[in-house]
Amino acid sequence: MHKLRFLVSRRWIAFALVVVFLAWVAWRLGEWQFHRLEDRRERNEIIERNEKAGADPITEVMAPGEPVDQGSEWRIVEATGTYAAEDTVIVRYRTRDGAAGVDVVVPLELTDGTSVLVDRGWYATDNRGVATTDVPAPPPGEVTVTGWVRRDAEGDSTAVTDQSTRAVSSERIGEALDREVVSGWLDLRSESPEPDTALEPVEPPELDEGPHFFYGLQWWFFGALAIFGFFYLIYDEWRGGRGPWGRVDRERPGAPRAADDSEAAEQAAVDGKHHARQE
């Protein structure tokens, strides 16, 4: 066992701690990806179930001051009201297939005096300063819409300036427009009557599982590779290999190898015998 004494050196202890840390990080990242996969599957099940159930009245799902919970997101609701086109809000930096554009959010005034924010779709534009008057108008008069319920975004991106934002928050937009709005917002599925100029429809939610499974496997593979490499280096050092830092040559630079020394000794013996015969 004396050949394994190198394992208690400072270098090997530090090396072992680094490998353990890297393996732990890889394991945790792999678990995180698999948790995201489970969340994605649950979301897909909710969406599929809601599609089969059809649309519910908006009053059963959304209300002012009652944030949309995770179980209610992606439910389909139906609402009837009048679009307040003058309070249109532009959601900037929305790209599709590499093309620049914006989402157009318009409050729909309901019969009880409250409003629900409706993302009516995507509008292609290279103008970052596009105004609300530049986008196609919603249908006038009473309109019936169906849409997917969405939860409010959070963070600095929800700030509203000149009826423009980067992420939809019903609370922030309601304050900016001085309107009482229900919590959450809708991704438009359909509206009747249809507008004169339609926007690009809201992209339906994808029901695939994403790359999380393979990302999780990759992280776990990296962790296993780190552990395998560590034990291989132990084996390599034990059998006299280079180890993780390279073998230190104990001989002076330029010193002849042992084999060279043996060859030189043999040659000297031959020369001695030859010289003795000559004498």
Does some side-chain heavy atom of [Y] sit less than 4.5 Å from a side-chain heavy atom of [X]?
X      : Y      : answer
Ser169 : Glu175 : no
Phe15  : Leu233 : yes
Leu177 : Pro107 : yes
Val106 : Thr88  : yes

Is there a path of hydrophobic side-chain contacts, each under 4.5 Å between heavy atoms of I/L/V/M/F/W/Y residues, joining [Y] to [X]?
X      : Y      : value
Val118 : Val181 : no
Val104 : Val143 : yes
Val116 : Val61  : yes
Val91  : Ile173 : yes
Val168 : Leu188 : no

Report the distance from atom [atom1] of [X] to atom [atom2] of [Y], rounding to the nearest 0.5 Å.
X      : Y      : atom1 : atom2 : result
Ile90  : Asp134 : CD1   : CG    : 8.0 Å
Asp87  : Arg179 : CG    : CZ    : 4.5 Å
Leu108 : Glu142 : CG    : CD    : 9.5 Å

Would you be so kind as to tabulate the donor-acceptor pairs closer than 3.5 Å made by side chains of residues 18-28, with sequence neighbours excluded?
from: Trp27; atom 1: NE1; to: Glu31; atom 2: OE2; distance (Å): 3.3
from: Arg28; atom 1: NH1; to: Glu31; atom 2: OE1; distance (Å): 3.0

Shortest non-hydrogen contact from [X] to [Y]?
X      : Y      : result
Ala159 : Thr165 : O-OG1, 3.0 Å
Thr146 : Ser190 : OG1-OG, 2.6 Å
Gly155 : Arg172 : O-NH1, 4.1 Å
Val68  : Glu73  : CG1-N, 4.0 Å
Ala176 : Val160 : CB-CG1, 3.7 Å
Met62  : Leu186 : SD-CD2, 3.7 Å

Evaluate whether atom CG of Asp69 has more than 12 neighbouring non-hydrogen atoms of other residues, nucleotides or ligands under 6.0 angstrom away.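 Yes, the 6.0 Å shell around CG holds more than 12 heavy atoms from other groups.
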Give a yes or no on this: more than 12 heavy atoms of other residues, nucleotides or ligands lie within 6.0 Å of atom CD of Glu154.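 Open.
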I'd like a table of donor-acceptor pairs (distance under 3.5 Å, sequence neighbours excluded) in which one partner is a side-chain atom from residues 76-85, with atom names and distances.
from: Thr80; atom 1: OG1; to: Thr144; atom 2: OG1; distance (Å): 3.1
from: Tyr83; atom 1: OH; to: Glu191; atom 2: OE1; distance (Å): 2.8

Side-chain H-bond candidate by donor/acceptor type, Ser170 with Ser183, under 3.5 Å: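 Ser183 and Ser170 do not have a side-chain donor-acceptor pair below 3.5 Å.
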Between Thr114 and Asp112, do the side chains contain a donor N or O and an acceptor N or O under 3.5 Å apart?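 Their side chains do contain a donor-acceptor pair, which is all the 3.5 Å distance test asks for.
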Does Arg151 offer a backbone N or O that forms a donor-acceptor pair with the side chain of Trp185 under 3.5 Å?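 Looks like yes, one N/O pair under 3.5 Å.
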Where the side chain of Trp122 meets the backbone of Arg94, is there a donor-acceptor pair that is under 3.5 Å apart?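 Side chain of Trp122 to backbone of Arg94: a pair is present.
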Criterion side chain to side chain donor-acceptor pair (under 3.5 Å) against Glu209, the qualifying member of Arg40, Arg41, Arg36: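 Between Glu209 and the candidates, side chain to side chain donor-acceptor pair (under 3.5 Å) is satisfied uniquely by Arg41.
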Would you mind writing out the side-chain donor-acceptor pairs for residues 210-219 within the sub-3.5 Å range, not counting sequence neighbours?
from: His212; atom 1: ND1; to: Gln33; atom 2: OE1; distance (Å): 3.1

